[in-house]
Amino acid sequence: MPTSEDPNDDIQYHLEVGPDDVADAVLLPGNPERVDKITALWDDSREVASHREYRTATGSYEGSPISVTSTGIGSPSAAIALEELARVGAETFIRVGSCGAIQEGMDVGDLVITSGAVRQEGTSDEYVREDYPAVADQEVVSALVAAAERLRYDYHVGTTMSADSFYAGQGRPGVDGFRAAGSEELVDELREANVKNIEMEASAILTLANIYGLRAGAVCTVYANRITGEFRTEGESRAAETASLAVKLLGKMDAVKREHGTDRWHAGLSIE
């Protein structure tokens, strides 16, 4: 498939997707291997592109059009994915991933739905001043909460910290026990500020979506609790199923908005 570095071309340089390849709503896992695990939950799907860390598939979930694109690890590649997906028409983005919890009472396998994020990654700094907030879209947060409730999954809603580093940037020791300045106090400081979890992509995705007037949110499965020391890769499909159902619910919200002639869904409207 011919591609160009020109962002105005139909076929995008990194993702190799075009305007007819993706749905309005796209799930964004990091690991390309998660694409197959996500699409296994859908009614149907087809892979439309695979290049570098970016795998894209499009299909339907309970009758709602939906796509998924893997972003690889970290905010730089996640920002590229959002940029190129937005250029071909996507308007809603939900990060689907794993995370480390930093509060007591958050068990491995629980979900964390991000309401906003601490921008401890450098990618979003290249777009906007550092005090610009990384805020999840209210409709996406509401849809994720409603989906988790309907699926009866344990979940937590709150602030996420997004780091650029899995080791030093998240307070872990490096090779031979190396400790970055401030890393030993990092988790405690975040926990005292009621930050719920740490991961590596959400804040850039939320920031770029807000800049471009798009909808975005994030839901992650807890793989580790940094307070208790527990770690297991458990409940991976819960975040994917919750995000997929949220896309369906967002479609219902949009239909209700059109019916009532309003631009925003709110608690006074019903999606039953």
Side-chain angles (χ1 to χ4, degrees), residues 15 17-29 35 37-48 56-69 71 81-97 111-116 134-153 155 157 202 205-220 237-272:
L15 273 60
V17 296
D20 297 325
D21 290 331
V22 297
D24 289 342
V26 186
L27 307 189
L28 300 174
V35 170
K37 296 175 181 179
I38 290 171
T39 57
L41 302 168
W42 298 354
D43 307 333
D44 57 78
S45 67
R46 63 184 178 92
E47 185 171 283
V48 296
T56 300
T58 293
S60 62
Y61 176 83
E62 295 190 3
S64 297
I66 190 170
S67 290
V68 56
T69 295
T71 65
L82 189 146
E83 284 271 7
E84 296 191 1
L85 289 165
R87 284 180 166 90
V88 297
E91 297 180 341
T92 299
F93 303 90
I94 303 179
R95 156 135 168 82
V96 179
L111 300 177
V112 182
I113 296 169
T114 297
S115 56
V135 181
D137 182 87
Q138 172 257 333
E139 292 178 357
V140 177
V141 173
S142 295
L144 287 168
V145 169
E149 288 280 353
R150 293 188 183 193
L151 294 168
R152 298 184 178 180
Y153 291 149
Y155 67 92
V157 180
I205 291 169
L206 301 182
T207 300
L208 268 63
N210 276 303
I211 290 172
Y212 294 143
L214 305 169
R215 293 192 297 198
V219 57
C220 290
S237 66
R238 294 173 193 166
E241 188 176 9
T242 300
S244 297
L245 178 54
V247 168
K248 177 183 178 180
L249 297 178
L250 284 165
K252 289 188 173 184
M253 289 179 181
D254 292 341
V256 170
K257 288 189 298 184
R258 290 191 294 270
E259 179 183 345
H260 287 81
T262 181
D263 292 333
R264 297 293 299 176
W265 184 88
H266 55 81
L269 302 175
S270 173
I271 56 173
E272 293 296 336

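The structure presented is a predicted model; accordingly, all values stated were derived computationally and were not measured. Below, all heavy atoms of this structure are taken into account, side chains as well, without hydrogens, waters or symmetry copies.
- For V256 against S270, the heavy-atom pair with the smallest separation is CG2-O, 3.3 Å.
- In this structure, the separation between CG on D137 and OG1 on T92 is 7.5 Å, given to the nearest 0.5 Å.
- S244 and W42 make their closest contact through OG-NE1, 3.1 Å (heavy atoms, listed as atom of the first residue, atom of the second, distance).
- Judged as a salt bridge (charged side-chain N to carboxylate O under 4.0 Å, His left out), the pairs with a partner in residues 250-260 (not counting sequence neighbours) are, in order, E139-K257, R215-D254, D254-K257.
- Without hydrogens or angle criteria, H266 side chain to G268 main chain gives a donor-acceptor distance under 3.5 Å.
- Judged by distance alone, the side chain of D43 and the main-chain N or O of E62 form a donor-acceptor pair under 3.5 Å.
- The shortest non-hydrogen separation linking T71 to A81 is CG2-CB, 3.9 Å.
- The two residues A240 and L27 make their nearest non-hydrogen contact at O-CD1, 4.3 Å.
- For the residue pair S45 and T39, the shortest heavy atom distance occurs at OG-CB, 3.4 Å.
- In terms of modelled atom types and a separation under 3.5 Å, the side chain of N210 and the main chain of L206 share a donor-acceptor contact.
- Rounding to the nearest 0.5 Å places CD of E47 at 8.0 Å from OG1 of T56.
- You'll find the side chain of V140 stays beyond 4.5 Å of the side chain of F93, heavy atoms only.
- From L85, atom CG reaches atom CG of L15 across 5.0 Å, with rounding to the nearest 0.5 Å.
- Under a 3.5 Å cut-off, the side chain of E91 and the backbone N or O of D24 do not form any donor-acceptor pair.
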N/O donor to acceptor pairs below 3.5 angstrom from side-chain atoms of residues 141-151, sequence neighbours left out:
from : atom 1 : to   : atom 2 : distance (Å)
S142 : OG     : Q138 : O      : 3.0
E149 : OE2    : Y155 : OH     : 2.5

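- Rounding to the nearest 0.5 Å gives a distance of 9.5 Å between NZ of K37 and OG of S237.
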For a side-chain contact (heavy atoms from CB on, under 4.5 Å) check, start with the C-alpha distance between I271 and L269, then their side-chain angles and the critical distance, and finish with the verdict.
CA-CA 7 Å; I271 56 173; L269 302 175; over 6 Å; no
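- Taken to the nearest 0.5 Å, the CD1 atom of I205 stands 12.0 Å off from the CG atom of L214.
- Under a 3.5 Å cut-off, the side chain of S64 and the backbone N or O of S60 do not form any donor-acceptor pair.
- Heavy atoms from other residues, nucleotides or ligands lying under 6.0 Å from CZ of R264 number more than 12.
- Between E84 and V17, the closest side-chain pair of non-hydrogen atoms is not below 4.5 Å.
- One finds the CG atom of L249 at 9.5 Å from the CH2 atom of W265 (value rounded to the nearest 0.5 Å).
- Of all the heavy atoms in L111 and A239, the pair that sits closest is CD2-N, 3.6 Å.
- When side chains are defined from C-beta on, L245 does not count as touching V247, because their heavy atoms never get closer than 4.5 Å.
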